[in-house]
Amino acid sequence: MAEAADFQGTSASPARRWLRRTGALLAGAPLLAGLCQLSTATPAEAADSGTVSVALDTLTPSAPTEGDTITVSGTVTNNGKQSVTKAHVGLSVGSEIATRSSIDTAAKDSTDVQGPTGPEVGGKYVAKFAKLTPGVAEPFSISVPADELDLGGSGVYPLAVALSGETSAQPWERLLGVQRTFLPWQSDEADTRTRTTYLWPLVSSVHMTAETGSNEQQTPVFLNDDLTKEIAPGGRLDQMVSLGKDLDVTWVIDPDLLASVDAMTRAYRVKTGDTSRAGTVEEQNLAKAWLAELQKAVADKEVVALPFGDPDLASLAHNGTGVTGSLSHLDEATDVATTTVRTVLHVTPNTDFAWPVDGAVDPSIVKVATSAGADKVLARSDSLQETSGLSYTPSAARPIGGGTTAVVADARLSTAFQGDLTRASASTLAVQRFLAQSLALGLQTDKQRSIVVAPQRVPSASQARAMAEALTALQGGNWSQPQELTAAAAAKPDPAATTTVPSASKYPSSLRRQELPRTAFEEIARTQDELGNFKVVLSDESRVVTPFGRAMNREMSTSWRGHTAEGAGFRSDVEAYLDSLADQVKLIDKSETKLSGRSATIPVTVQNNLVQGVDHLVLRLTSLSPNRLEIGGRAYSEQKVEVSGGHSQTVKFTTTANANGRGSVIAQLYTEDGQPYGDAVQFDVRVTEFTATVMLVIGGGVLLLVLAGFRMYTQRKRAAAREAEETGPDEAGEAADAPENPDSPADRPKEESGTRPGADAPQQPSDPGPDTAAESADPSGTGERVDR
């Protein structure tokens with residue numbers, strides 16, 4: 001059985017290789033004797049074994065061929081308490097590993113000193129150390145021609161980098177530390193190359209809020225400056241673009257990322273606690289440069305666009321389909337994807353592929369994934385597993401019914417670069433394991449196959465570098481050739497491959513625990529309802545429909561997995577911001593209103609603090625006591641309302657009072673389709689009706705005031721005329737020389753002239769005017785009022 005071929009197995013090596021290794025074993029007899037003594041050592045002495053860690057930092061070339069020189073470098077660190085003397089690092093190659101599962105097993109035991117290592121190459125191909133001090137790391141580098149390794153035919157070989165030495169407690173040479181890896185060996189071009197599709201994901205988390213400025217450009221607001229860090233030189237997204245541009249890959253892009261970076265090329269703001277700051281010119285230039293590099297990188301490459309915001313298909317399938325309107329958001333996200341990518345990158349993307357998290361599928365996920373128009377689902381082989389007992393990995397494409405194709409990515413290759421790869425040694429091991437799995441897959445059969453690799457959605461910068469290193473080696477090797485995703489999906493399916501989608505019970509519980517809950521989709525539905533009620537009153541609804549539509553797409557994002565609290569906070573902020581905008585159009589509160597008389601008007605004011613006008617609103621004023629107070633002759637009255645941005649409008653309603661007393665009315669705005677808008681305003685109206693007698697008294701009083709005024713006017717006029725008659729111009733001089741005439745009105749004492757005593761004294765507010773004519777006892781003239 002091929003599965004039995006492992007480190008301890010035998011292979012069909014040439015006689016020369018067998019003799020060489022036999023000699024090496026004989027030469028190692030003293031070492032075997034020492035190991036026998038080790039069996040009788042105390043537990044403390046035995047603990048020295050494995051106390052030296054070996055880190056393999058580089059192995060070049062990663063996939064050697066005939067004539068290459070292999071260079072291995074790294075460090076060794078003595079983690080024990082005793083110094084190690086007479087130490088050296090050597091290389092050894094084991095027997096060919098024939099199966100992919102054997103590679104997995106070997107990778108798990110890569111540092112076990114008790115495991116097999118094979119004979120050491122030895123000779124001058126070692127790195128020696130006189131002494132290894134505890135806690136000190138020492139570098140090493142070994143270069144050896146491939147011919148010296150006595151490799152057989154094409155295959156995967158275990159390569160052990162081992163340190164041997166002595167300690168004072170055990171003064172004989174023994175293995176103290178080892179690091180195993182894999183050496184893929186394809187000496188010449190394979191007869192049948194594997195067509196390999198590698199997805200290069202350009203996906204990030206949610207960065208933009210629903211908020212926009214009130215200016216014409218609607219300045220966007222970002223949650224934080226994380227995106228700036230990602231696209232900055234050396235940042236994660238900067239690395240993804242700079243590395244991916246030289247690789248034959250299929251770009252898989254979330255259009256939301258493009259829209260976010262594109263927004264940064266213009267004026268924008270970034271939240272900083274309770275305030276926000278403006279994006280700098282340097283940050284805008286950074287965004288422009290990143291987009292320019294991406295445009296060049298994808299110019300002649302295949303681009304697959306995910307739905308806008310990368311919605312979580314599994315969460316939607318398991319928790320969202322029961323909430324009205326949830327699937328419509330997926331449709332919108334798919335529709336806007338093509339426009340966004342074409343606008344920003346100037347390429348037309350493919351939107352036929354749906355990508356559930358980790359390629360885990362069940363019937364409901366497939367149904368949701370294809371509901372928005374996609375007819376291909378990116379699954380993974382650890383979800384859609386082989387059950388037909390194939391001895392090889394089949395091609396990726398599988399027809400799963402209903403005109404849908406499952407493109408099954410290889411799980412081993414897709415997960416090869418997960419975990420912490422910041423250390424060079426971890427990255428090197430990941431690269432060698434990936435190449436080993438790829439070659440082992442290619443050697444399984446002579447059939448031409450199309451293999452797809454779908455790595456993690458958001459690789460770190462170190463993971464991206466390891467991926468690029470592996471792909472560079474793979475594309476320069478002799479057993480694989482690149483292929484676009486659409487070609488892999490269109491390849492002829494293997495008739496023996498599994499096409500049955502696993503049931504919902506098979507969906508991984510670890511992934512299910514990370515899904516968006518049903519309440520998340522209910523919040524999104526509530527926000528959608530509020531948006532629908534708000535937009536119909538606006539003169540330019542696009543100012544809110546677009547930003548809030550995209551915000552709701554982001555609320556369904558896959559990036560909220562593992563960030564439940566942050567996702568809930570984002571949804572809450574979106575809804576709160578929409579409520580704050582809707583509240584900018586409202587009724588002004590009113591205090592109690594008094595009505596005097598049977599008929600009067602009641603003013604109600606509508607205020608619009610938005611920058612745009614509102615219309616399609618109806619203001620309804622309703623009497624809660626219609627028997628006492630009618631509005632427009634009935635229980636209620638309505639009037640259409642249109643208010644310009646930043647203004648208010650007062651609407652007047654005619655009322656009729658049927659009785660004195662207090663009544664209540666309610667003012668409420670409605671949309672034209674009858675939906676209430678905003679909060680109602682309730683206030684009291686007090687009616688004070690006047691009787692006929694009171695009205696007559698008031699009327700009589702007014703008449704008397706008019707007549708009194710007329711009398712005063714006529715008296716003034718008569719007095720002025722009388723004075724003019726009695727003092728003519730010819731008599732003025734004679735009057736001056738004539739003796740006093742006691743009967744003359746002019747010379748008569750003031751007390752007798754009819755003038756009020758004290759007329760020259762200061763007047764009081766209640767005194768009649770000084771020019772008021774004296775009363776006369778003569779018969780009244782025509783029209784003159786007689787004082788009694």
Side-chain angles (χ1 to χ4, degrees), residues 195 197 199 250 252 302 304-307 310-322 326-331 333-335 337 349-414 445 447-454 483-509 511-512 515 556 558:
R195 297 192 179 108
T197 301
L199 307 185
T250 292
V252 180
E302 182 181 41
V304 171
L306 299 174
D310 188 19
D312 191 336
L313 301 176
S315 295
L316 183 57
H318 295 155
N319 304 318
T321 53
S326 295
L327 287 176
S328 65
H329 293 295
L330 180 60
D331 292 336
T334 302
D335 292 340
N350 188 310
T351 57
D352 294 339
F353 293 87
W355 190 14
V357 174
D358 289 354
V361 294
D362 62 27
S364 66
I365 295 175
V366 172
K367 184 178 180 180
V368 166
T370 57
S371 65
D375 58 359
K376 303 173 185 66
V377 179
L378 288 169
R380 207 167 70 184
S381 61
D382 53 352
S383 176
L384 207 157
Q385 299 181 11
E386 290 305 316
T387 58
S388 56
L390 283 176
S391 60
Y392 58 88
T393 302
S395 288
R398 320 280 176 85
I400 56 176
T404 302
T405 299
V407 182
V408 184
D410 184 79
R412 288 187 175 97
L413 297 177
S414 298
T445 178
K447 290 185 176 182
Q448 179 99 62
R449 288 163 294 161
S450 295
I451 302 300
V452 173
V453 182
Q483 180 176 243
E484 293 184 343
L485 181 60
T486 51
K492 184 179 180 180
D494 193 313
T498 297
T499 59
T500 302
V501 177
S503 65
S505 62
K506 300 294 184 180
Y507 190 80
S509 58
L511 293 180
R512 193 178 290 273
E515 291 178 348
M556 298 169 60
T558 301

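- Counting heavy atoms from C-beta on, the side chains of F353 and V252 never come closer than 4.5 Å.
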Q | Verdict with reasoning, T558 to L306, per side-chain contact (heavy atoms from CB on, under 4.5 Å) | A | CA-CA 11 Å; T558 301; L306 299 174; over 6 Å; no

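- The two residues V407 and K376 come nearest to each other via the heavy atoms CG2-CB, 4.5 Å.
- With rounding to the nearest 0.5 angstrom, the OG1 atom of T351 is 9.5 Å from the CG atom of D375.
- Remark: side-chain polar atoms of E386 are not paired, donor with acceptor, to backbone N or O of A497 under 3.5 angstrom.
- Formation of a donor-acceptor pair under 3.5 Å by the T370 side chain with backbone atoms of V366 is found in this model.
- Nearest approach of P349 to A305, heavy atoms of both residues: CB-CB, 3.6 Å.
- S391 pairs by the side chain to side chain contact (heavy atoms under 4.5 Å, CB included) definition with nothing, not counting sequence neighbours.
- Across all their heavy atoms, L327 and S371 have their closest contact at CD2-OG, 4.0 Å.
- Between atom CG of residue N350 and atom CD of residue E484 there is a gap of 10.0 Å, rounded to the nearest 0.5 Å.
- Here the shortest heavy-atom pairing between E515 and N319 reads OE1-ND2, 3.4 Å.
- One N or O on the side chain of S388 and one on the backbone of A496 form a donor-acceptor pair closer than 3.5 Å.
- In this structure a side-chain-to-backbone donor-acceptor pair under 3.5 Å is missing from S414 to A411.
- Side-chain atoms of S383 come within 3.5 Å of backbone N or O of V361 as a donor-acceptor pair.
- Going from atom NZ of K492 over to atom CZ of R449 covers 15.5 Å, rounded to the nearest 0.5 Å.
- A donor-acceptor pair under 3.5 Å is absent between the side-chain atoms of R195 and the main chain of A488, judged by distance alone.
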Q: Output, in order, the C-alpha distance, side-chain angles, deciding distance and verdict of side chain to side chain donor-acceptor pair (under 3.5 Å) for T250 and E302.
A: CA-CA 5 Å; T250 292; E302 182 181 41; 2.8 Å; yes

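- Side chains of T334 and P307 form a contact here, defined as non-hydrogen atoms less than 4.5 Å apart.
- Residues Q483 and T197 come closest through the heavy atom pair O-OG1, 2.8 Å.
- When all heavy atoms of S326 and M556 are compared, the closest pair comes out as O-CE, 4.1 Å.
- Evaluation of the side chain to side chain contact (heavy atoms under 4.5 Å, CB included) rule for A369 yields L313, A354, V377 as partners, not counting sequence neighbours.
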Q: Report the C-alpha distance between T321 and S364 in whole Å, list the side-chain angles of each, state the deciding distance to 0.1 Å, and finish with yes or no for side-chain contact (heavy atoms from CB on, under 4.5 Å).
A: CA-CA 10 Å; T321 53; S364 66; over 6 Å; no

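- The backbone N or O of A360 lies less than 3.5 Å from no partner atom in the side chain of D358, so there is not a single donor-acceptor pair.
- Here T498 contributes atom OG1 and I400 contributes atom CD1; the two are 12.5 Å apart, rounded to the nearest 0.5 Å.
- Rounded to the nearest 0.5 angstrom, L384 CG and T499 OG1 are separated by 8.0 Å.
- Once rounded to the nearest 0.5 Å, the distance linking CG of L199 with CH2 of W355 reads 6.0 Å.
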Q: Could you go through the side-chain contact (heavy atoms from CB on, under 4.5 Å) check for K447 and D494 one step at a time?
A: CA-CA 10 Å; K447 290 185 176 182; D494 193 313; 4.2 Å; yes

Q: Step by step, work out the side-chain contact (heavy atoms from CB on, under 4.5 Å) result for T387 and T500.
A: CA-CA 9 Å; T387 58; T500 302; over 6 Å; no

